[in-house]
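This report concerns only the one structure given below.
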Amino acid sequence: MLNWNTIDTVLLDMDGTLLDLHFDNHFWLSLVPQELSRQRGISKDEAQQLVVNAYGKVTGTLDWYCLDYWQATLQLDIMGLHRTLVDRIQLRQDSMPFLDALASAGKKRILVTNAHPKSLALKLQHTELASGLDGMISSHETGYPKEHPQFWQTLFEKFVLDPSRCLFIDDSEPILNAARLAGVGHQLGIANPDSQKPIKIFHDFPAITDYHLLLDDLKQ
């Protein structure tokens, strides 16, 4: 599937790519509306519509991923709510074997995430993910989300990368496309980001459901 001789660095999304997206989906689509309903004395349907409208206003922008923005906008203790669900923060079962195999093959492993630094820190605290990485960057450090070309330019400069020799793995087709437009040489989708939801169909990029499918070629 991939010509590993043409890849020096693997750029990896976090939520849905290395971690099970079930935590985030449950948090933003269930817990937040539930808490809004409780605190404001409105129905769950009203709360659900309120958050859907709020999310829609900032989709694809840095605010969409910013916990401080959502705390101010929704008037909720977002980090406090995060901590009530830490047992749901889980690595994909295939992530660490893949990261270990990348290291054995001499590939550099860099986490590239839109996650807010507070969310990133919490997830690193409750998983062994950091031990499988050589570097990491949050879009909040750059001032631009991964959807924006400037994010990629900052990433390439920070880690002195040749983008043509990078592989980027993500569960979002729009973000994979942003990477391709920025010059990243290889892209790969993750079709099962949430262990509790059906497999996604990718239209413009190759996608897999298990990193073990890559290990034989990687080890050769």
Side-chain angles (χ1 to χ4, degrees), residues 1-21 60 91-115 120 124 127-139 141-142 144-195 197-220:
M1 177 180 283
L2 294 165
N3 181 358
W4 288 102
N5 291 325
T6 65
I7 297 168
D8 298 328
T9 302
V10 182
L11 308 170
L12 299 128
D13 172 51
M14 181 171 68
D15 300 313
T17 299
L18 294 173
L19 301 185
D20 189 340
L21 193 61
L91 276 161
R92 292 171 53 97
Q93 55 81 26
D94 53 346
S95 290
M96 293 310 294
F98 179 52
L99 293 173
D100 291 343
L102 288 174
S104 297
K107 309 301 181 185
K108 194 171 184 179
R109 306 155 301 171
I110 299 175
L111 184 74
V112 292
T113 180
N114 274 329
L120 174 58
L124 294 177
T127 67
E128 58 178 322
L129 179 58
S131 66
L133 300 170
D134 301 302
M136 62 184 74
I137 186 171
S138 163
S139 58
E141 298 173 45
T142 72
Y144 298 90
K146 289 189 293 184
E147 290 87 336
H148 195 285
Q150 186 57 49
F151 169 86
W152 298 97
Q153 195 56 44
T154 303
L155 167 70
F156 302 149
E157 292 172 0
K158 177 175 180 177
F159 293 102
V160 195
L161 300 175
D162 176 353
S164 69
R165 295 188 62 82
C166 291
L167 163 66
F168 176 53
I169 307 178
D170 200 291
D171 62 302
S172 163
E173 279 206 277
I175 296 178
L176 288 168
N177 191 52
R180 179 166 61 187
L181 292 174
V184 174
H186 310 266
Q187 301 83 32
L188 181 65
I190 296 299
N192 58 338
D194 184 329
S195 63
K197 291 185 179 295
I199 288 175
K200 295 172 56 174
I201 302 300
F202 278 69
H203 299 285
D204 297 320
F205 297 92
I208 58 170
T209 58
D210 192 329
Y211 289 121
H212 289 99
L213 297 171
L214 304 179
L215 295 192
D216 287 344
D217 287 345
L218 183 58
K219 290 176 179 177
Q220 287 180 2

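The structure displayed is predicted, hence computed values, not measured ones.
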Student check: side-chain heavy atoms of [X] and [Y] closer than 4.5 Å:
{"X": "His212", "Y": "Pro97", "value": "yes"}
{"X": "Asp204", "Y": "Gln187", "value": "no"}
{"X": "Ile208", "Y": "Leu214", "value": "yes"}
{"X": "Leu2", "Y": "Leu167", "value": "yes"}
{"X": "Phe205", "Y": "Arg180", "value": "yes"}
{"X": "Thr9", "Y": "Lys107", "value": "no"}
{"X": "Val112", "Y": "Phe159", "value": "no"}
{"X": "Met14", "Y": "Leu120", "value": "yes"}

Pairwise distance [atom1]([X]) to [atom2]([Y]) - rounded to 0.5 angstrom:
{"X": "Gln150", "Y": "Leu155", "atom1": "CD", "atom2": "CG", "result": "11.0 Å"}
{"X": "Leu102", "Y": "Lys219", "atom1": "CG", "atom2": "NZ", "result": "11.0 Å"}
{"X": "Ile190", "Y": "Leu176", "atom1": "CD1", "atom2": "CG", "result": "9.0 Å"}
{"X": "Leu129", "Y": "Met136", "atom1": "CG", "atom2": "CE", "result": "6.5 Å"}
{"X": "Leu161", "Y": "Cys166", "atom1": "CG", "atom2": "SG", "result": "4.5 Å"}
{"X": "Lys108", "Y": "Arg165", "atom1": "NZ", "atom2": "CZ", "result": "13.5 Å"}

Heavy atoms only: give me the nearest [X]-[Y] pair and the separation to one decimal.
{"X": "Phe151", "Y": "Tyr144", "result": "CD1-O, 3.6 Å"}
{"X": "Trp152", "Y": "Ala182", "result": "CB-CB, 3.5 Å"}
{"X": "Leu215", "Y": "Ala101", "result": "CD2-CB, 3.7 Å"}
{"X": "Asn114", "Y": "Ser139", "result": "OD1-OG, 2.9 Å"}
{"X": "Ala191", "Y": "Ala207", "result": "CB-CB, 4.2 Å"}
{"X": "Gly60", "Y": "Pro145", "result": "O-CG, 3.5 Å"}

ask   = Under 3.5 Å, is there a donor-acceptor pair between the Ser195 and Asp20 side chains?
value = yes
Verify, without hydrogens or angle tests, whether [X] (side chain) and [Y] (backbone) share a donor-acceptor contact under 3.5 angstrom.
{"X": "Arg92", "Y": "Asn192", "answer": "yes"}
{"X": "Ser138", "Y": "Ala115", "answer": "yes"}
{"X": "Ser95", "Y": "Leu18", "answer": "yes"}
{"X": "Asp171", "Y": "Thr17", "answer": "no"}

task = Give a yes or no on whether a salt bridge exists between Glu173 and Lys200, defined as a side-chain N under 4.0 angstrom from a carboxylate O.
result = no
message = Looking at Asp170 and Lys146, is there a salt bridge between them, counting it only when a charged N and a carboxylate O are closer than 4.0 Å?
response =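 Looking at Asp170 together with Lys146, the answer is yes, because their closest N to O distance falls below 4.0 Å.
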inquiry  = Check the orientation of Phe98 and Tyr211. Use parallel for under 30°, tilted for 30 to 60°, and perpendicular for over 60°.
reply    =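 Rings of Phe98 and Tyr211: parallel, as their planes differ by under 30°.
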request  = I would like to know whether Asp162 and Asp8 meet side-chain contact (heavy atoms from CB on, under 4.5 Å); could you show each step before the answer?
outcome  = CA-CA 9 Å; Asp162 176 353; Asp8 298 328; 5.6 Å; no
Determine whether more than 12 heavy atoms belonging to other residues, nucleotides or ligands lie under 6.0 Å from atom [atom1] of [X].
{"X": "Ile201", "atom1": "CD1", "result": "no"}
{"X": "Asp216", "atom1": "CG", "result": "no"}
{"X": "Lys158", "atom1": "NZ", "result": "yes"}

query = Partners of Pro163 by side-chain contact (heavy atoms from CB on, under 4.5 Å), sequence neighbours excluded?
reply =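 For Pro163, the residues satisfying side-chain contact (heavy atoms from CB on, under 4.5 Å) (neighbours in sequence not counted) are Phe156.
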Salt bridge (Lys or Arg N to Asp or Glu O under 4.0 Å) partners for Glu128, two or more places apart =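 Partners of Glu128 by the salt bridge (Lys or Arg N to Asp or Glu O under 4.0 Å) criterion come out as none, since no residue qualifies.
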